[in-house]
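Each remark here refers to the structure printed beneath this line.
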Amino acid sequence: MNTPRILTGLVGTFGVALNLAAGDSPALDPHLESLRPWLEKTWKGEFKDSKPDSPKVDIVRWERALNGKAVRILHSLNDGAYGGEAIVRWDEAKQAVTYHYFTTAEFTTKGTMSVKDGKIITHEVVSGNAGGITEVRAEFELRRDGTYLVKAEHLKDGVWSPARETTYLEAPTAKVVFK
């Protein structure tokens, strides 16, 4: 008789459904767990210096990647006028969370990421033509109201200067666009 096999299959399937409904999350490298609140979400942010006649709107998508061994961050500014993709992962040799950021412009970056006082702190070195910018530092803060704030500064001609400040809101229907 096939009844026990069918019953076992149904019970197993039901058990899996219960586990998923109970909030089990897909596996993620333990070194990347601090990024989980951003994952599988799309965010929309308007730069602090954005003007109605010259808006600066950024769409960002954070995703679990490579079976949880990495996090993928895609973004596009102003419907694809500029964009990029970062792959974040644990680097065993460096004993640090590292990332590579690839852009639609003439540069890429390599950086490190850490969590301090509940904020993500990044530092990256620029390769290629980024208008004289050689390094970038940023701080990501997930706020209680569900938004997140990014403050960044860049190194140009040996001087650190504020680069941008952007507050992001969840925007499930927004799309990252590359031209």
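Below, all heavy atoms of this structure are taken into account, side chains as well, without hydrogens, waters or symmetry copies.
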As a test of understanding, state which of Thr147, Thr42, Asp58 forms a side-chain hydrogen bond (donor to acceptor under 3.5 Å, both in side chains) with Tyr168.
Asp58
Of all the heavy-atom pairs spanning Asp53 and Pro55, show the shortest one and how long it is.
C-CD, 3.8 Å
Can you find a heavy atom in the side chain of His123 that is under 4.5 Å from one in the side chain of Val136?
no
Can you find a heavy atom in the side chain of Ile73 that is under 4.5 Å from one in the side chain of Val60?
yes
For a quick test of your reading: what N or O donor-acceptor pairs under 3.5 Å do the side chains of residues 97-104 make, sequence neighbours left out?
unit_1	atom_1	unit_2	atom_2	d
Tyr99	OH	Glu124	OE1	2.6
Tyr101	OH	His75	NE2	2.7
Tyr101	OH	Tyr82	OH	2.7
Thr103	OG1	Ala105	N	3.1
Thr103	OG1	Phe107	O	2.6
Thr104	OG1	Gly83	N	3.0
Thr104	OG1	Gly83	O	3.4

With heavy-atom distances below 4.5 Å as the criterion, would you say the side chains of Ile120 and Leu35 are in contact?
yes
State, to 0.1 Å, how close Ser34 and Val115 come at their nearest heavy-atom pair, and which atoms those are.
OG-CG2, 3.2 Å
Any side-chain donor near an acceptor of the partner, His154 and Glu135, under 3.5 Å:
no
CG of Asp157 to CD1 of Ile133, rounded to nearest 0.5 Å, is 10.0 Å
On a heavy-atom basis, which atom in Leu142 and which in Pro37 lie closest, and how many Å separate them?
CD2-CB, 3.3 Å
Under the salt bridge (charged side-chain N to carboxylate O under 4.0 Å, His left out) rule, what pairs show up with a residue in residues 61-71, not counting sequence neighbours?
Glu40-Arg61, Arg61-Glu63, Glu63-Arg72
Of all the heavy-atom pairs spanning Lys44 and Ala171, show the shortest one and how long it is.
CB-CB, 3.7 Å
Leu74 to Val176 - nearest heavy-atom pair and separation
O-CG2, 3.8 Å
I'd like to know if Lys151 and Glu139 make a salt bridge, using a cut-off of under 4.0 Å between side-chain N and carboxylate O.
no
Applying side chain to side chain donor-acceptor pair (under 3.5 Å), which residue pairs with at least one partner in residues 170-179 are found, sequence neighbours left out?
none
With rounding to the nearest 0.5 angstrom, report the OG1 to CG distance, Thr166 to Asp49.
8.0 Å
Nearest-0.5 Å distance, OG of residue Ser127 to NZ of residue Lys110:
6.5 Å
Look at the aromatic rings of Trp62 and Tyr148 and report parallel, tilted or perpendicular, splitting at 30° and 60°.
perpendicular
Is there a side-chain contact between Leu169 and Trp43, using heavy atoms and a 4.5 Å cut-off?
no
Can you check whether Val57 reaches Phe47 side chain to side chain, under 4.5 Å on heavy atoms?
no
Does Leu149 reach the side chain of Glu165, with side-chain heavy atoms less than 4.5 Å apart?
yes
